[in-house]
Amino acid sequence: MLNLLNEAINRTGIKADKTIKNLNMNLTLKIWRQKNQNDKGGFESYQVSDVSPDMSFLEMIDVLNEDLVKEDKDPVHFDHDCREGICGTCSMVINGRPHGPKEGITTCQLHMRSFSDGDHITIEPWRAKAFPVIKDLVVDRTSFDRIQQAGGYVSVNTGGAPDANEIPIPKRIADEAFDAATCIGCGACVAACKNASAMLFVSAKVSQLAMLPQGQVERKTRVEKMVAQMDEEGFGACTNTGACAAECPKGIDLSNIARLNREYIGAKLKSENVS
Amino acid sequence: MSSVLNSKVPEGPLAEKWEKHKFSVKLVNPANKRKYDIIVVGTGLAGASAAASFGELGYNVKAFAYQDSPRRAHSIAAQGGINASKNYQNDGDSTFRLFYDTIKGGDYRSREANVYRLAEVSTNIIDQCVAQGVPFARDYGGLLDNRSFGGAQVSRTFYARGQTGQQLLLGAYGALNRQISNGKVKMYNRTEMLDVVMVNGEAKGIITRNLITGEIERHSAHAVVLATGGYGNVFFLSTNAMGCNATAAWRAHRRGAFFANPCFTQIHPTCIPVSGEHQSKLTLMSESLRNDGRVWVPKEARKGLTAKEALNIPEEERDYYLERKYPSFGNLVPRDVASRNAKDVCDEGRGVGPSGLAVFLDFADAINRDGEDLIRSKYGNLFDMYMQITGDNPYEVPMMIYPAVHYTMGGLWVDYNLQTTIPGLYAIGECNFSDHGANRLGASALMQGLADGYFVIPYTIGDYLASQPYEKVGTDHEAFDEAEKTVNDHLDKLLNINGNKTVDEFHKELGKIMWDYCGMSRTGEGLKKASGMVKELKEEFWKNVKVVGTADELNQSLEKANRVSDFIELAEVMIQDALDRAESCGGHFREESQTPEGEALRIDDEYSYVSAWEFTGNGAAKLNKEDLVFENVKLTQRSYK
């Protein structure tokens with residue numbers, strides 16, 4: 001593990017004061033393996049050794065996968081892309097918690113210094129009816145896309161916009177809308193919820209656009225359509241346990257769900273559309 | 001000018017070219033637009049905005065993304081901001097100034113007319129995004145706030161905390177979703193394009209692989225738009241997402257699209273340094289940090305200096321080398337200058353951290369001046385990200401940063417209409433070479449992606465479509481048979497080698513060759529050596545790569561192998577291009593070509609051209625040159641002193 005670093009040090013021609021210490025760990029992983037959507041699936045155990053505390057959690061799985069490929073075995077499939085906590089692709093339940101033991105981060109931002117030598121780590125996919133497993137730790141989250149397609153936007157054609165500074169927006173409102181808008185659509189909220197409810201996800205978009213002047217025209221129809229689609233996808237109901245907000249890597253606040261409820265009731269009382 | 005390349009830049013004064021061109025291009029009658037199908041590959045800023053705009057105009061669109069959702073394209077990770085010459089700050093900005101800064105920042109290796117158009121439409125982008133509900137940062141009066149960025153002396157960068165790319169992409173994703181729900185765009189997630197289908201020399205469709213089922217599918221259309229991003233992952237370690245790849249662009253190149261300036265890669269100065277061999281990617285710390293952070297190393301080499309120990313180094317023993325060497329731009333010099341200087345001080349042995357391959361980015365002065373709260377409100381998420389990765393707290397100790405591959409200015413050659421050398425095939429966003437010359441300024445990638453997608457291609461594609469028959473080529477055409485066979489053969493070959501080395505092992509070796517010999521600083525001798533090394537690696541790859549699983553299932557091992565096989569071929573052209581360009585310019589520093597002070601020395605008489613490489617199939621690409629003509633700016637040796 002230290003080869004590259006020590007090699008890099010040599011290349012600079014500097015004499016390092018001390019060689020870098022080896023604090024590496026040996027771990028036991030229990031990982032959900034499932035060949036495809038129709039397979040029943042089950043846990044399998046793997047030993048990984050010499051894990052550096054500076055590795056990210058996904059890099060640790062990369063190392064495991066390199067070993068599996070060399071043994072002619074199918075590597076553990078998992079979703080990941082940006083590896084900097086913003087694309088929302090990575091999605092692992094680690095020791096029972098979506099995105100692992102630390103708050104406010106995604107799986108790809110979790111580093112092995114959060115674990116200790118000898119640890120047993122259980123890794124599962126998101127579990128929800130609306131997120132069917134595709135393979136191993138990879139799940140299908142297109143239900144989230146369909147909810148957004150139902151109304152999570154402002155209907156403005158390209159070119160039809162007034163000057164950006166025409167409507168001043170108080171900083172407080174802009175900041176609050178931004179906080180809601182930082183949802184990365186990873187689905188940890190659903191995975192954390194005992195009912196597999198998508199209320200936090202839906203509320204983030206509804207809140208963002210309900211607060212901004214640009215979102216006013218479609219404010220009522222938007223919330224009605226998005227909630228209808230959410231129900232159709234088979235997400236569960238919200239019972240306000242707050243597990244979603246506790247596990248959200250972006251800190252989307254539970255108050256957004258309160259706003260969603262208020263928006264929804266308000267819209268239904270004066271419904272302009274939707275059956 | 002070479003007769004093969006026609007840039008189609010309109011005649012007339014610079015400021016009137018685009019207006020004039022919009023009037024002269026052919027239009028497709030609104031009622032006829034529904035008779036045309038367009039394929040858009042990639043759903044980042046350029047792809048999503050183009051697909052949405054095509055849908056709004058009435059075209060039928062098929063959009064493709066390898067990710068599980070269009071919202072996950074890597075534009076989402078752009079941090080700092082987006083430039084626009086709104087001049088809201090009343091500090092003297094204008095279309096011409098943004099144009100001038102971009103041309104100069106690109107070290108005079110981009111096309112004047114394209115860059116001017118980019119500056120011209122930049123203001124429309126901000127209007128459009130605000131109307132979509134993008135929550136840009138605002139001041140206390142409720143108006144939009146701006147920050148300044150490297151390579152500019154005005155404040156023209158609009159931002160949404162450190163997540164501007166995310167907010168802009170989600171805006172475009174919303175616009176795309178609206179068209180999906182209207183039935184004008186059909187979205188194909190987890191689908192990767194593996195070839196362009198050519199009928200009578202024109203692009204008439206694509207071959208894709210469904211990444212879940214492995215199914216190879218045929219899609220026919222009247223035109224194809226590639227918005228597939230850059231090729232920074234050739235280097236293995238980069239700030240790109242793990243899945244970013246060059247396959248779509250490369251396969252188009254193999255079918256006849258010229259590849260322009262492939263050696264122009266941008267090494268971003270502010271990334272978190274490498275921590276070990278396990279490293280899978282590098283994380284960028286936004287360039288906006290250089291607004292408040294001061295870059296320094298100790299005056300005397302201090303072996304293995306940690307961030308904590310840095311606090312004990314007195315002011316007079318610190319070398320704020322950017323402020324010292326470039327007093328007028330200071331820490332805000334363009335990216336290439338900042339990167340090269342970081343490399344230089346580390347080469348001198350004054351680098352810090354355990355590897356000696358890092359410099360400090362220090363916020364102590366800014367925190368003293370503005371308070372921790374203000375700094376937190378500007379950069380909170382970046383500081384958190386840094387803390388998470390390194391374990392150090394940048395509110396208390398300086399950050400450590402080092403350059404890393406971030407963006408590729410090179411890409412498919414396109415004319416003023418953004419059409420490649422294949423009629424009917426377009427390239428937009430980072431995928432083309434169009435606007436950034438030899439070096440891209442910060443906050444200009446988002447601008448270009450959205451300019452191309454919202455405000456350029458919706459007009460220019462009509463010029464081609466208007467001349468096309470309504471009837472589409474059927475997917476039973478022999479060209480589809482041939483392309484599908486090519487794709488299947490390639491996959492089968494990869495699966496049947498059964499060698500001993502994993503794909504990642506090959507990829508890491510390739511990355512190391514490219515970083516060492518075709519990275520921040522290059523020599524003719526080194527490049528020749530690298531050329532031989534890549535050739536050997538390619539031979540070994542096709543004899544000894546190990547890919548497990550089958551082609552008809554979700555197989556991430558096969559996906560990677562397929563992409564790396566293209567990276568290797570692309571690397572060969574990158575080296576060929578770097579070798580040809582025996583001058584230093586922008587991100588391309590040839591050690592043989594420097595000023596007495598060690599700054600990059602451009603050679604305008606010999607190298608004022610775009611290198612457009614043509615695929616020949618015999619291992620060496622053929623060079624075509626597009627001469628660059630500058631009528632509106634005077635070429636000067638860039639100076640940020």
Side-chain angles (χ1 to χ4, degrees), chain A residues 1-5 8-9 12-17 20 52 54-55 59 62-63 66 69 72 74-75 77 80-84 86-89 105 109 113 134-135 141-142 145 148-149 152-158 161 163-165 168-171 174 177-178 181-182 185 209 212 214-215, chain B residues 53 56 67-69 71-72 74 76-77 88 126-128 130-133 135 138-144 160-161 163 166-167 174-175 177-178 180-181 189 212 241-243 275-278 280-281 283 303-304 346 349 351 354-357 385 388 391 454 502 504 546 548-549 554 556-557:
Chain A
M1 287 304 137
L2 301 172
N3 292 355
L4 184 77
L5 208 51
I9 294 169
T12 61
I14 310 166
K15 274 195 190 153
D17 282 349
I20 296 153
S52 153
D54 288 329
M55 273 184 187
E59 285 167 348
D62 288 341
V63 172
E66 283 287 281
V69 169
D72 269 322
D74 202 20
H77 279 63
H80 64 102
D81 205 21
C82 78
R83 296 207 178 186
E84 48 190 278
I86 194 73
C87 72
T89 311
I105 56 168
Q109 293 174 293
R113 70 177 74 88
I134 293 171
K135 180 172 182 174
R141 283 171 288 192
T142 47
D145 279 335
Q148 295 295 339
Q149 286 157 16
Y153 44 78
V154 174
S155 295
V156 51
N157 277 0
T158 305
D163 185 84
N165 257 349
I169 302 174
K171 183 169 163 50
F178 174 85
T182 57
L209 296 179
L212 295 172
Q214 289 82 6
Chain B
S53 301
E56 289 163 11
Q67 297 90 346
D68 72 326
S69 161
R71 68 180 294 155
R72 308 211 196 279
H74 199 52
I76 199 114
Y88 283 160
I126 305 303
D127 298 342
Q128 186 64 30
V130 166
Q132 290 169 343
R138 287 175 184 269
D139 59 27
Y140 285 97
L143 300 178
L144 292 161
R161 223 165 290 171
Q163 286 151 260
Q166 180 197 27
Q167 295 309 314
N177 280 336
R178 178 168 162 245
I180 294 173
S181 108
N189 297 333
I212 304 288
M242 301 301 285
S275 75
E277 203 182 333
H278 55 264
S280 60
K281 78 152 272 163
T283 301
K303 301 161 199 164
C346 291
S355 68
L357 293 177
M385 195 190 277
Q388 193 53 47
Y454 282 134
T502 65
D504 277 359
K546 186 176 187 67
V548 294
L554 175 58
Q556 293 174 335
S557 167

[X] side, atom [atom1]; [Y] side, atom [atom2] - distance, nearest 0.5 Å:
X: Ile180(B); Y: Gln149(A); atom1: CD1; atom2: CD; answer: 4.5 Å
X: Arg178(B); Y: Asn157(A); atom1: CZ; atom2: CG; answer: 4.5 Å
X: Cys82(A); Y: Gln67(B); atom1: SG; atom2: CD; answer: 10.5 Å
X: Glu56(B); Y: Thr158(A); atom1: CD; atom2: OG1; answer: 4.0 Å
X: Arg113(A); Y: Gln388(B); atom1: CZ; atom2: CD; answer: 7.5 Å
X: Ile76(B); Y: Ile86(A); atom1: CD1; atom2: CD1; answer: 6.0 Å

Would you name the heavy atoms of [X] and [Y] that are closest together and state the gap between them?
X: Asp62(A); Y: Ser280(B); result: OD2-CB, 3.7 Å
X: Ser275(B); Y: Asp54(A); result: OG-CB, 3.7 Å
X: Leu144(B); Y: Ala164(A); result: CD1-CB, 3.5 Å
X: Lys171(A); Y: Asp139(B); result: CB-O, 3.6 Å
X: Gln556(B); Y: His77(A); result: N-NE2, 2.9 Å
X: Leu554(B); Y: Lys135(A); result: O-NZ, 2.8 Å

Query - Asp68(B), part contacting chain A, at a heavy-atom distance under 4.5 Å - result: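 Both backbone and side chain of Asp68(B) come within 4.5 Å of chain A.
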Query raised in the report: Is chain B contacted by the side chain of Thr89(A), its backbone, both, or neither, given a heavy-atom distance below 4.5 Å?
Result: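 It is both, since atoms from each part get that close.
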Query raised in the report: Given a strict heavy-atom distance threshold of 4.5 Å, which part of Ile105(A) is in contact with chain B: side chain, backbone, both, or neither?
Result: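 Only the side chain of Ile105(A) comes within 4.5 Å of chain B.
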Query raised in the report: In terms of heavy-atom pairs under 4.5 Å with chain A, which of His74(B), Lys546(B), Met385(B) leads?
Result: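 Looking at each of His74(B), Lys546(B), Met385(B) in turn, Lys546(B) comes out on top.
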Query raised in the report: What residue, out of Ile212(B), Val130(B), Asp127(B), Leu143(B), has the most heavy-atom pairs lying under 4.5 Å from chain A?
Result: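 Looking at each option in turn, the highest pair count goes to Asp127(B).
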**Report entry** Worked check of salt bridge (charged side-chain N to carboxylate O under 4.0 Å, His left out) between Arg71(B) and Asp145(A)
**Finding:** CA-CA 9 Å; Arg71(B) 68 180 294 155; Asp145(A) 279 335; 5.8 Å; no
Query raised in the report: Just checking, is any N or O donor in the side chain of Glu84(A) or Thr283(B) under 3.5 Å from an acceptor N or O on the other one?
Result: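 No, because no side-chain N or O of Glu84(A) sits under 3.5 Å from a partner of the opposite role on Thr283(B).
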Requested in this report: Quick one: which of Ala181(A), Gly215(A), Ala177(A) has the most heavy-atom pairs under 4.5 Å with chain B, could you say?
Outcome: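 If we count pairs closer than 4.5 Å to chain B, Ala181(A) comes out on top.
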